[in-house]
Protein chains: 2
Amino acid sequence: MTTCLHTRLDSLNFLDEDDFALLDRLLERRDKATPGELVVVEMQKVTQTRLIIDGWAYRYRSLANGTRQILNFLIPGDIISFYAMMLPLSDCGVEAMTPMEFAHFPVTDLVETLSGSAHLVLALSWIAGQSERMLDEQITRIGRRNSKSRLAHILVELHVRLRNSGFDKDQACLLPLTQAVLSDALGMSAVHANRSFRALVKDGLIAREKSDIRLMDVTQLSRVADFDHAYLEQTEVPATTLNAIEPKLVPT
Amino acid sequence: MTTCLHTRLDSLNFLDEDDFALLDRLLERRDKATPGELVVVEMQKVTQTRLIIDGWAYRYRSLANGTRQILNFLIPGDIISFYAMMLPLSDCGVEAMTPMEFAHFPVTDLVETLSGSAHLVLALSWIAGQSERMLDEQITRIGRRNSKSRLAHILVELHVRLRNSGFDKDQACLLPLTQAVLSDALGMSAVHANRSFRALVKDGLIAREKSDIRLMDVTQLSRVADFDHAYLEQTEVPATTLNAIEPKLVPT
DNA sequence: CGTCAGTTTGAAAGTCGTCAAGGGCCGTGG
DNA sequence: CCACGGCCCTTGACGACTTTCAAACTGACG
């Protein structure tokens, strides 16, 4: 049962069979969610961490004025409520966008598993570090890009993330995003999101396919978005870091 | 030598003397930076992790169009380049805003220290989790708040963070921020930042003090900002999480 | 065939950025 | 002591970008 998480972690090239065995045991219990379902409720206690096997969700925050901000999108291979072990009260909600399947486990199991393998600590820290970079990019996108390039940018990011999780070029060009969802993610009104959307359609860069979006020309989209691939690069963890933990695993 | 990090971690109530001893050994080597100095350069290899002892900095990204986005502010007790152990190429720069002092250590020392204490792993994960929440809030701020409440909001956040790091009420009301810096952090033009600033001054909520900002009425500012204190709360790590690692430390 | 969610469009109003010019404070050097 | 430059703040006018409101359109589905 190879998941998208396996695909991402494989590229790190340092996890051995034992690590994957520990991981697999953690991922045994499965669950499902339907579109619109709240996987995590805002301001509520969270005791489970989840790994997305299939389907899309988003993490969001509601504001007092009735609007909401989507913080980021969650796709297969992403972890939900990773920090729940330290911060059990969720500051944001998670809503399923498509039918979903995920593995779930109590946070205590996660802690136990992590204390069993320094390799896994590193691997999940690497995932956490990548998510932080995506938040950085989300901030930059909303803060300093105009609406058209904002839209192009997030589409390219999602495409690249899908590719990194093992989807083929074609699959990674079909995104289950409505314009209302995009507007909440990009910090703009739905009407304006539509206008930016239309502009990209007119340029032949994207197209609507039912209620999905198809990327027609990723290269050109990257250019419009001024997209810098570096922040999502599947960089290797440096050997020096790995050496620093080996002595603890195999005491001489 | 009690640092602001100690103050923050003390409130967690689960680190023992040995943990602090390990930590202190990590923090022995010190260094300084002057205002405007680049502590971390964008797109360059990072081999050191730092802990801010004193002074302010910000983390930022430059864009191709010549603008930049400040991602977050770094104050005493904050860690710089925590993820450098897994992602050695920095995706953002860090610039000193005031004279700074920090502890610095090679990332390998950090990895070694962490593999020596599961408690410290949790403690630093807790710090990392908090920073992620602040990034969430930064996204929400820029995406879904108007300029006046955006400004009020970040000022209150910085105030609360300073209090959490051990500064007294008065110290935590004097922030070394120029309007140009604020505008880059809030995703607006310097001119517009000034207008929002003036509006808050006129209401008597803030005042300029040389090139610093003084908060005159934090309560009222919180109201204007629609500030929700929950995301910065110094929550305790749940006992169940702590229990989950104990067996590994003291095998029966 | 009606409903519903999602999309599309226009017009008017509001927010925000750009350009340009001027002011205050402070440290340096004459 | 004063002049000068540099950095930061301030303000007005104008134009660009974005939101809001309102109405209509489309395709999927029972």
Side-chain angles (χ1 to χ4, degrees), chain A residues 34-37 56 58 63 65-70 95-99 141-152 174-202 206-214 224, chain B residues 34-37 56 58 63 65-70 95-99 141-152 155 174-203 206-214 224:
Chain A
T34 55
E37 189 175 334
W56 287 48
Y58 53 73
L63 282 86
N65 62 16
T67 63
R68 66 174 184 176
Q69 174 66 45
I70 290 179
E95 181 169 335
M97 301 165 63
T98 69
R141 199 155 39 212
I142 299 180
R144 283 291 182 235
R145 293 183 197 280
N146 63 36
S147 56
K148 191 170 164 183
S149 110
R150 228 142 86 188
L151 176 54
L174 196 60
L175 316 178
L177 297 164
T178 69
Q179 293 177 17
V181 161
L182 278 172
S183 72
D184 278 340
L186 299 176
M188 54 174 106
S189 68
V191 172
H192 199 64
N194 175 265
R195 288 194 232 275
S196 312
F197 192 92
R198 296 268 85 210
L200 291 181
V201 170
K202 198 166 136 223
I206 61 176
R208 190 154 79 89
E209 207 164 301
K210 308 199 173 174
S211 58
D212 293 349
I213 295 175
R214 178 170 292 285
V224 172
Chain B
T34 55
E37 190 175 333
W56 287 49
Y58 53 72
L63 281 87
N65 62 16
T67 64
R68 66 173 184 177
Q69 174 67 45
I70 290 179
E95 181 170 336
M97 300 164 65
T98 68
R141 199 155 39 211
I142 299 180
R144 283 292 182 232
R145 292 182 198 280
N146 63 36
S147 57
K148 192 170 164 184
S149 110
R150 227 140 88 187
L151 175 55
L155 296 178
L174 196 61
L175 315 177
L177 297 164
T178 69
Q179 293 178 16
V181 162
L182 279 172
S183 71
D184 279 339
L186 298 176
M188 54 175 108
S189 69
V191 172
H192 200 65
N194 176 264
R195 289 195 232 273
S196 311
F197 192 92
R198 296 267 87 211
L200 291 181
V201 170
K202 197 165 134 224
D203 295 346
I206 62 175
R208 189 155 78 89
E209 207 164 299
K210 306 198 173 173
S211 58
D212 293 348
I213 295 175
R214 177 170 293 285
V224 172

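- We find that CD1 of A:I213 is positioned 15 Å from C1' of C:dT8, with the value rounded to whole Å.
- Taking every heavy atom of both residues into account, A:L151 and A:A193 meet most closely at CD2-O, 4.4 Å.
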Checklist outcome for this item: Quick tally for nucleotides 11-30 of chain D: nucleotides whose base has a protein heavy atom under 4.0 Å get B, sugar-phosphate-only ones S, the rest -, giving BBB----SBBB---------
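- A close approach under 4.0 Å does occur between a side-chain nitrogen or oxygen of B:Q179 and OP1 or OP2 of D:dT10.
- Atom CG of B:L186 is separated from atom P of C:dG17 by 11 Å (rounded to the nearest Å).
- Look at CG on A:D212: it is 14 Å from C1' on C:dA5, rounded to the nearest Å.
- Residue pairs meeting the salt bridge (Lys or Arg N to Asp or Glu O under 4.0 Å) criterion with at least one member in residues 185-195 of chain A, sequence neighbours excluded, do not occur.
- Proximity of B:D203 to B:V224: side-chain heavy atoms (C-beta onward) are nowhere separated by under 4.5 Å.
- A 4.5 Å side-chain heavy-atom check between B:H192 and B:S196 finds at least one atom pair inside the cut-off.
- Closest approach of A:T98 to A:W56, counting heavy atoms only: OG1-N, 2.9 Å.
- The NZ-P distance, from B:K202 to D:dT10, rounds to 14 Å in whole Å.
- In this structure, the side chain of A:Q69 engages the main chain of A:D184 through a donor-acceptor pair within 3.5 Å.
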